[in-house]
Student: 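Structure in structure tokens, see below.
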Amino acid sequence: MISRPREANDYPDRVIDCQEAMEPGFQAIVDCMLRSLKRLIAADNMTQKENARTETQLAIARAMMRAGRPF
């Protein structure tokens with residue numbers, strides 16, 4: 001929950017108080033985004049490795065077919 005400014009009326013540090021009140025929520029959002037981004041990067045890395053493995057197997061199979069060898 002975001003806390004309210006010290007006073008209801010305008011005062012010199014009201015903007016700073018509002019920014020400080022919103023800081024914990026903002027940090028929670030940033031932390032969640034970073035965790036999600038790390039998961040997406042890890043999933044993409046696994047996909048890239050699997051795609052490379054599949055491409056290698058296909059290249060070997062094609063080469064064996066061209067050489068007249070069964071695979």
Side-chain angles (χ1 to χ4, degrees):
M1 182 169 167
I2 297 174
S3 58
R4 295 176 181 236
R6 288 181 283 151
E7 300 176 24
N9 299 327
D10 196 20
Y11 57 96
D13 290 336
R14 182 179 171 84
V15 172
I16 293 171
D17 286 347
C18 291
Q19 289 172 342
E20 288 176 353
M22 293 186 328
E23 182 70 20
F26 178 76
Q27 286 299 323
I29 290 169
V30 169
D31 289 343
C32 184
M33 288 172 37
L34 288 173
R35 282 192 300 271
S36 296
L37 185 57
K38 287 177 185 178
R39 287 182 183 146
L40 285 171
I41 290 169
D44 183 63
N45 285 341
M46 286 192 310
T47 300
Q48 294 291 336
K49 287 178 185 177
E50 196 59 39
N51 286 346
R53 200 173 289 127
T54 301
E55 287 295 325
T56 300
Q57 291 171 345
L58 287 171
I60 292 169
R62 287 185 196 115
M64 290 177 76
M65 286 177 62
R66 280 193 295 265
R69 296 175 145 186
F71 56 93

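Note: hydrogens, waters and symmetry copies are ignored here, and every other heavy atom, side chains too, is used.
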Student: Members other than Ile16 in its cluster, when Ile, Leu, Val, Met, Phe, Trp, Tyr link by side-chain heavy atoms under 4.5 Å?
Tutor: none
Student: What verdict does the side chain to side chain contact (heavy atoms under 4.5 Å, CB included) test give for Leu37 and Met33, after you've listed the backbone C-alpha separation in whole Å, the side-chain angles of each residue and the deciding distance to 0.1 Å?
Tutor: CA-CA 6 Å; Leu37 185 57; Met33 288 172 37; over 6 Å; no
Student: What residues form a side-chain contact (heavy atoms from CB on, under 4.5 Å) with Arg35, not counting sequence neighbours?
Tutor: Asp31, Cys32
Student: Could you list the residues that satisfy side-chain contact (heavy atoms from CB on, under 4.5 Å) with Tyr11, not counting sequence neighbours?
Tutor: Pro5, Arg6, Glu7, Asp13, Arg14, Asp17
Student: Report the hydrophobic cluster partners of Leu40, with the cluster defined as I, L, V, M, F, W, Y residues connected by side-chain heavy atoms closer than 4.5 angstrom, directly or transitively.
Tutor: none
Student: Who pairs with Gln27 by side-chain hydrogen bond (donor to acceptor under 3.5 Å, both in side chains), at least two apart in sequence or on another chain?
Tutor: Glu23
Student: For Leu34, check side-chain contact (heavy atoms from CB on, under 4.5 Å) against everything at least two apart and list the hits.
Tutor: Val30
Student: Quick one: salt bridge (Lys or Arg N to Asp or Glu O under 4.0 Å) partners of Arg39, sequence neighbours excluded?
Tutor: none
Student: Listed by chain and number, what are the side-chain contact (heavy atoms from CB on, under 4.5 Å) partners of Ala63, not counting sequence neighbours?
Tutor: Arg66
Student: Which residue pairs pass the salt bridge (Lys or Arg N to Asp or Glu O under 4.0 Å) test when at least one of the two sits in residues 40-61, sequence neighbours left out?
Tutor: Glu50-Arg53
Student: Linking Ile, Leu, Val, Met, Phe, Trp and Tyr through side-chain heavy atoms less than 4.5 Å apart, which residues share a cluster with Leu58?
Tutor: none
